[in-house]
Amino acid sequence: MAVASGCGGARSGSASAAPVVVLTERDFAIDAPKVVTAGEVVFRVRNDGPDAHELLVVRAPNGDLPMRSDGLTLDEERLQQSEVGVLEPAESYAVRELRLRLSPGRYVLFCNMSGHYIGGMHQTLVVR
Ligand SMILES: [Cu+2]
């Protein structure tokens with residue numbers, strides 16, 4: 001579900017200036033704005049470590065996300081339909097961008113490496 005960099009639009013002329021939203025991941029928290037405006041948005045994700053972290057973005061209208069039976073991670077197979085974006089794990093101090101087009105609703109940002117979600121690496125994001 002990675003988004004290729006570069007210009008995907010057919011429109012010539014003005015390049016799209018999607019607002020940039022800064023997210024910081026660390027052991028074990030995600031700091032991000034709680035509300036963003038619908039439309040195209042660029043998440044600029046910095047990993048403050050020390051562990052590697054990934055980032056998943058899923059729609060979660062009622063906030064209830066399914067756990068795997070290990071009790072340590074969310075069930076990504078059951079979340080596949082709701083998934084809108086993923087960044088694979090990155091080392092400390094990596095900075096990456098994830099470009100998304102978000103429609104209004106409630107989302108959850110999280111890291112699903114073993115134990116990280118329940119350790120606190122999740123945050124609700126409202127798009128309106
Ligand atoms: Cu993590």
Side-chain angles (χ1 to χ4, degrees):
M1 200 77 55
V3 179
S5 60
C7 179
R11 240 165 287 159
S12 58
S14 59
S16 77
V20 174
V21 172
V22 174
L23 277 80
T24 305
E25 298 191 295
R26 60 186 157 83
D27 299 15
F28 293 99
I30 296 178
D31 296 320
K34 295 190 167 48
V35 180
V36 299
T37 303
E40 207 164 336
V41 62
V42 174
F43 288 154
R44 184 169 294 153
V45 183
R46 193 180 74 212
N47 179 13
D48 276 355
D51 277 5
H53 295 294
E54 59 184 4
L55 182 74
L56 290 91
V57 182
V58 299
R59 286 181 153 281
N62 46 31
D64 211 13
L65 300 178
M67 296 294 287
R68 282 196 191 107
S69 54
D70 64 7
L72 294 173
T73 49
L74 292 177
D75 190 335
E76 288 180 37
E77 264 143 53
R78 287 165 66 193
L79 284 169
Q80 221 159 30
Q81 306 276 329
S82 323
E83 194 180 282
V84 296
V86 177
L87 285 174
E88 297 301 326
E91 300 304 315
S92 294
Y93 307 115
V95 177
R96 296 173 300 159
E97 291 189 349
L98 179 63
R99 182 179 286 257
L100 299 173
R101 181 171 292 279
L102 297 173
S103 47
R106 192 168 182 276
Y107 297 77
V108 175
L109 314 171
F110 64 97
C111 173
N112 206 30
M113 295 175 73
S114 187
H116 292 201
Y117 175 84
I118 56 174
M121 292 195 73
H122 54 88
Q123 195 191 294
T124 300
L125 176 72
V126 173
V127 178
R128 64 185 180 205

For Pro50 and Ser92 the tightest heavy-atom approach is O-OG, 2.7 Å
Flag yes if more than 12 heavy atoms outside Arg46 fall under 6.0 Å of its CZ atom; otherwise flag no. no
Between Pro33 and Gln123, the two heavy atoms sitting closest are O-NE2, 3.3 Å
In Å and rounded to the nearest 0.5 Å, what is the CE to CD distance from Met113 to Glu54? 6.0 Å
Check whether Val58 and Val86 end up in the same hydrophobic cluster, where Ile, Leu, Val, Met, Phe, Trp and Tyr are linked by side-chain heavy atoms less than 4.5 Å apart. yes
Determine whether Val36 and Val84 fall in the same hydrophobic cluster, where Ile, Leu, Val, Met, Phe, Trp and Tyr are linked whenever their side-chain heavy atoms lie under 4.5 Å apart. yes
Are Asp27 and His53 linked by a side-chain donor-acceptor pair shorter than 3.5 Å? yes
Heavy atoms only: give me the nearest Ala18-Val42 pair and the separation to one decimal. CB-CG2, 3.9 Å
Smallest separation among heavy atoms of Pro66 and Leu79, with atom names: CD-CD2, 3.6 Å
Exam field: side chain Asn47 to backbone Glu91, donor-acceptor pair closer than 3.5 Å: yes
Within the 4.5 Å heavy-atom criterion, are Arg96 and Leu55 side-chain neighbours or not? no
To the nearest 0.5 Å, how far apart are CD in Gln80 and CG in Asp75? 10.0 Å
Interatomic distance, Glu25 atom CD to Leu109 atom CG [nearest 0.5 angstrom]: 9.0 Å
What one should report as the nearest heavy-atom pair of Ile30 and Cys111 is CD1-N, 4.0 Å
Is the shortest side-chain heavy-atom distance between Tyr117 and Leu65 below 4.5 Å? yes
Distance from Arg68 atom CZ to Arg78 atom CZ, nearest 0.5 Å? 11.0 Å
Let me check something: do Phe28 and Leu125 share a hydrophobic cluster, defined by ILVMFWY side-chain heavy atoms less than 4.5 Å apart, either directly or through other members? yes
To check you understand the geometry: which heavy-atom pair defines the closest contact between Ala29 and Met121, and what is its length? N-CG, 3.4 Å
If you measure from CZ on Arg44 to CG on Leu98, what distance do you get to the nearest 0.5 Å? 12.5 Å
Leu56 and Ile118: same hydrophobic cluster, using ILVMFWY side-chain contacts below 4.5 Å? yes
Path from Met67 to Phe110 over hydrophobic side-chain contacts below 4.5 Å: yes
Just so I know, are the side chains of Arg106 and Thr124 near enough to count as touching, which here means a heavy-atom distance under 4.5 Å? yes
For Arg26, does its backbone N or O pair with a side-chain atom of Asp48 as donor and acceptor, under 3.5 Å? no
